[in-house]
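In what follows, a structure is listed as structure tokens, so that the remarks can point back to it.
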Amino acid sequence: MILTKLKDFADEQMTLPPAMYAELKIRYLIDLNLDGTLKGNFVPLGGDTKANKRGNPFIVPFVGRTVGIKPKLLADSAEYVLGIPRPDSKLDRVADCHQQFKDLIQKCWEATQDPKLQAIQIFLNGWQPEKLADCLPSGFKIDKFDASDNITFQVDGVIIADARSSNHQIEQFWAKLTSGEGEDSKESGAMATCLITGEEGLVVQRMPLLIKGLIGGQPSGTALVSANSDPFTSYGLKNSLTSPISRSAAEKFAKALNHLLADNRHRIYIGSTAYVFWTKEEIDSDFINLLKDPTIEEVKNLLESPLSASQMYGVKSQDFYALSLSASMARSVIRDWLETSISNVEGHLREWFTNQRIVNNDGVIGKPMNIYALAASVYRDANKEMQSTVPTALIRHALHGSRLSDDLLIKLVNRNRAEQDITYPRAAFIKIILISQGKIAMSEMESLNLNPQLEGQEKAAYHCGRLLAELEAIQRSALGNINASLVDRYYGAASSTPAKAFSPLMRGVQTHLGKLRKNSPGINKLREEQLEEIMSHFTDGKFPNTLNIGHQAIFALGYYHQRAANRAAMNAAKAAKDAKTNSQVLNQSP
């Protein structure tokens with residue numbers, strides 16, 4: 001179970017704070033003496049830059065809450081700590097929040113007998129919200145005070161809520177209370193076998209921590225395990241009891257996932273989907289960058305310099321994990337997960353970059369592409385339209401070699417037809433899919449080899465694509481740039497019903513060739529020779545009646561390759577002409 005692996009990551013690779021402690025930005029300190037009196041005005045923290053507008057970060061007791069009243073121990077918003085309402089808050093609810101905050105500190109003092117807690121109690125029992133203006137630092141205006149800012153206490157020079165104070169009695173009280181073991185605890189769950197640890201014990205009704213950092217999720221976070229509607233309940237179990245998990249395990253997997261999501265060395269965002277990756281032990285290899293922003297040098301090192309034999313035992317046998325998830329309002333949605341080994345990942349990444357190699361539009365081998373560029377090629381506007389299915393399938397294939405579906409091929413073919421064109425990323429994507437399906441050997445397709453070893457309908461489809469590109473080149477040579485080329489009008493028909501589409505095209509090309517014979521006999525000769533070579537691949541000059549989706553994809557590669565070959569030849573001719581001109585100029589110089 002992938003949540004078990006996240007919990008193991010927290011145990012083995014993270015330095016965890018005390019149980020149910022988490023980072024919270026604190027805007028004000030209430031500085032007290034041991035007798036509960038104020039040492040001075042409230043002490044402001046942060047607020048001078050956008051990054052610390054809400055205060056400075058501290059590791060303090062934490063509890064997740066949505067709409068209910070649920071105080072955090074010792075550090076919370078001004079509504080809870082001081083009973084100061086926000087402009088839109090209900091006064092009776094704020095009073096209840098403040099009272100429950102005080103009651104929680106009372107319970108903590110009864111359990112620990114810590115004199116610093118008693119000092120806080122004395123202050124709160126004598127506190128009146130009307131005193132706020134007198135307690136703010138000099139120059140702070142009361143109307144600028146934000147009741148949603150967090151406040152905590154410093155007693156006798158110690159910030160008692162901060163985990164760095166190492167007050168183990170308070171930590172133990174909070175751990176027991178939030179685990180459901182505390183007396184009158186609102187977090188008490190039920191006895192069951194934890195799905196993560198396999199141990200019998202108390203399990204939580206709701207996940208104690210939310211998942212942060214998912215695009216489209218609520219700012220407060222999203223729940224990874226939840227069932228709050230009847231259709232999602234099971235055997236009468238609601239909330240998180242449908243998937244029983246202990247508080248400790250739930251806290252650890254959430255902290256691990258939040259840690260990975262916050263670290264760009266372990267995660268990628270593509271569209272609204274997040275992908276996180278980790279290994280059983282920290283390693284030095286940067287697999288993530290190879291998916292996110294591969295460079296020519298990095299790919300070359302991957303292909304030519306695999307891990308040495310001495311590294312293989314210690315590294316390659318390690319487990320590798322990947323998780324894909326997105327947000328749906330208040331919930332996290334797991335799209336996919338993967339458990340494999342570093343050895344497998346490395347091998348499949350080599351295949352990934354080898355299989356995507358193809359010439360660019362100018363006929364030279366293009367740069368390696370990242371996941372986003374390939375996935376975005378499927379859509380008209382990737383920023384608005386991209387769904388999680390495409391990048392998720394690509395990442396699984398890149399890391400695990402999984403077969404890519406015909407559904408992806410259909411999307412690419414339809415995008416080609418809509419644009420009457422095939423781009424470099426789409427050509428590479430099509431090549432990757434066809435190799436993954438094992439339909440044809442595409443190893444010869446990376447370079448400008450215009451006669452790959454294809455048979456039957458695949459061969460006919462490929463050369464139909466070449467033919468359309470050549471007819472386009474002939475038209476352009478004869479007429480120059482025009483508003484609507486024959487590709488704009490015929491790409492869809494030529495790629496699906498070649499016999500029907502090419503009949504009028506082959507008649508029309510004679511007019512263009514006739515014009516070239518008069519005006520550009522040299523170009524005409526080259527075009528006629530190229531056209532004759534392409535037509536030699538069709539038995540008796542006959543074209544297929546129809547092409548299926550797979551054959552239409554091969555058609556697209558044929559069109560792409562021939563167009564790239566024509567551009568490469570044109571660029572080479574121009575370079576030769578420029579070189580000759582420069583040589584003549586140099587020879588004429590005094």
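Only a predicted model underlies this, so the values are computations on that prediction, with no experimental measurement involved.
- Salt bridge D421/R415: absent, no basic N to carboxylate O contact under 4.0 Å.
- Side chains of D319 and Y321: a donor on one and an acceptor on the other come within 3.5 Å.
- Rounding to the nearest 0.5 Å places CG of L6 at 6.5 Å from CG of L323.
- Salt-bridge annotation for E251 and K255: present, with a side-chain N of the basic residue lying under 4.0 Å from a carboxylate O of the acidic one.
- Contact check on R350 versus E304 returns no salt bridge, with no Lys/Arg side-chain nitrogen under 4.0 Å from an Asp/Glu carboxylate oxygen.
- A494 and P498 get closest at one heavy-atom pair: O-CG, 3.5 Å.
- Checked by atom type and distance alone, the side chain of Q457 pairs as donor or acceptor with a backbone atom of T546 at under 3.5 Å.
- A 6.0 Å sphere centred on CD of Q510 holds more than 12 heavy atoms belonging to other residues, nucleotides or ligands.
- Proximity of L516 to S477: side-chain heavy atoms (C-beta onward) are separated by under 4.5 Å at one or more points.
- Contact of the R335 side chain with the Y275 side chain is not registered, since no non-hydrogen atoms from C-beta on lie closer than 4.5 Å.
- The CG atom of D406 lies 8.5 Å from the CD1 atom of I433; values are rounded to the nearest 0.5 Å.
- The shortest distance between side-chain heavy atoms of I2 and F253 does not fall below 4.5 Å.
- Rounding to the nearest 0.5 angstrom, the gap separating the CD1 atom in I435 from the CD1 atom in I430 is 12.0 Å.
- Side-chain atoms of N52 come within 3.5 Å of backbone N or O of T49 as a donor-acceptor pair.
- Judged purely by atom type and a 3.5 angstrom limit, K431 uses its side chain to pair as donor or acceptor with the backbone of R357.
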Worked check of side-chain contact (heavy atoms from CB on, under 4.5 Å) between T295 and E298: CA-CA 5 Å; T295 65; E298 286 173 334; 3.1 Å; yes

Using the rule given for side-chain contact (heavy atoms from CB on, under 4.5 Å), can you reason through K367 versus N360, listing the C-alpha separation, both sets of side-chain angles and the distance that settles it, and then say yes or no? CA-CA 8 Å; K367 296 179 180 178; N360 62 21; over 6 Å; no

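- A donor-acceptor pair is defined here as one N or O able to donate and one able to accept, closer than 3.5 Å; no such pair exists between the side chain of D540 and the backbone of K542.
- For the 3.5 Å distance criterion, the side chains of N548 and Q552 fail to qualify, holding no donor opposite an acceptor.
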Checking W278 against L257 for the side-chain contact (heavy atoms from CB on, under 4.5 Å) test, could you report, in this order, the C-alpha distance in whole Å, the side-chain angles of both residues, the deciding distance, and whether it holds? CA-CA 10 Å; W278 71 100; L257 187 50; 6.0 Å; no

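- Annotation for R265: atom CZ does not count as buried by contact number, only 12 or fewer foreign heavy atoms lying within 6.0 Å.
- F543 and F538 have perpendicular rings, their planes meeting at more than 60° on a 0 to 90° scale where under 30° would count as parallel.
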Under the criterion side chain to side chain donor-acceptor pair (under 3.5 Å), I'd like the reasoning laid out for S343 against E346: C-alpha separation, chi angles, the key distance, then a yes or no. CA-CA 5 Å; S343 176; E346 187 186 63; 5.9 Å; no

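- To the nearest 0.5 Å, atom CZ of residue R476 and atom CG of residue L471 are 12.0 Å apart.
- Closest heavy-atom contact between A460 and P544: CB-CG, 3.6 Å.
- In terms of heavy atoms, R331 sits closest to T222 at C-CB, 3.6 Å.
- Heavy-atom minimum distance, A427 versus L557: O-CD2, 3.6 Å.
- Using a 4.5 Å heavy-atom cutoff, the side chains of E528 and I474 are not in contact.
- With respect to the salt-bridge test (charged N to carboxylate O, under 4.0 angstrom), the residues E419 and R380 do not qualify.
- Residue H266 qualifies as enclosed at atom NE2: its count of foreign heavy atoms under 6.0 Å is above 12.
- Remark: the backbone N or O of L486 is paired with a side-chain donor or acceptor of Q475 at under 3.5 angstrom.
- Listed by chain and number, the residues in a ring pair (Phe, Tyr, Trp, His ring centres under 6.0 Å) with H537 are H463 (sequence neighbours excluded).
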I'd like to know whether Y490 forms a side chain to side chain donor-acceptor pair (under 3.5 Å) with S485, so could you lay out the CA-CA distance, the side-chain angles of the two residues, the decisive distance to 0.1 Å, and finally the verdict. CA-CA 9 Å; Y490 284 95; S485 71; over 6 Å; no

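- Here F555 pairs with Y491 under the ring pair (Phe, Tyr, Trp, His ring centres under 6.0 Å) rule; sequence neighbours left out.
- By the 6.0 Å contact criterion, CD on E532 is open, its count of non-hydrogen atoms from other residues, nucleotides or ligands being 12 or less.
- Between the side chain of E385 and the main chain of V378, no donor-acceptor pair closer than 3.5 Å is present.
- Residues S520 and N524 bring no donor and acceptor atom of their side chains to less than 3.5 Å of each other.
- Under 3.5 Å, the side chains of Y379 and Q387 contain no donor-acceptor pair of N or O atoms.
- Within the model, atoms CD of Q530 and CG of L467 stand 10.5 Å from one another, a figure rounded to the nearest 0.5 Å.
- Side-chain atoms of K292 come within 3.5 Å of backbone atoms of N264 as a donor-acceptor pair (strictly under, hydrogens ignored).
- Annotation: side chain of F277 is in contact with side chain of I268 (closest heavy-atom distance under 4.5 Å).
- Distance alone, capped at 3.5 Å, places no donor-acceptor pair between the T392 side chain and the T389 backbone.
- Classified by interplanar angle (parallel below 30°, tilted 30° to 60°, perpendicular above 60°), the ring pair F9/H259 is tilted.
- The one candidate from T273, V390, L338, I270 that meets the side chain to side chain contact (heavy atoms under 4.5 Å, CB included) condition with I395 is I270.
- Using a cutoff of 4.0 Å between basic side-chain nitrogens and carboxylate oxygens, D263 and R267 are not scored as salt-bridged.
- Side-chain contact check for S341 versus Q318: every heavy-atom pair is 4.5 Å or farther apart.
- Counting heavy atoms from C-beta outward, L224 and L3 have side chains that approach closer than 4.5 Å.
- Between K280 and E12 there is a side-chain heavy-atom pair separated by less than 4.5 Å.
- Of all non-hydrogen atoms in L374 and P425, the two that sit nearest each other are CD2-O, 3.5 Å.
- Taking every heavy atom of both residues into account, A393 and L404 meet most closely at O-CD2, 3.6 Å.
- Remark: the backbone N or O of Y560 is not paired with any side-chain donor or acceptor of N361 at under 3.5 angstrom.
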I'd like to know whether V359 forms a side-chain contact (heavy atoms from CB on, under 4.5 Å) with Y424, so could you lay out the CA-CA distance, the side-chain angles of the two residues, the decisive distance to 0.1 Å, and finally the verdict. CA-CA 8 Å; V359 292; Y424 169 53; over 6 Å; no

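- To the nearest 0.5 Å, atom CD of residue Q420 and atom OG of residue S495 are 10.0 Å apart.
- Defined by atom type and a distance below 3.5 Å, a donor-acceptor pair is missing between the side-chain atoms of E351 and T354.
- Under the 3.5 Å distance criterion, the side-chain polar atoms of H348 are left unmatched by any main-chain donor or acceptor of A398.
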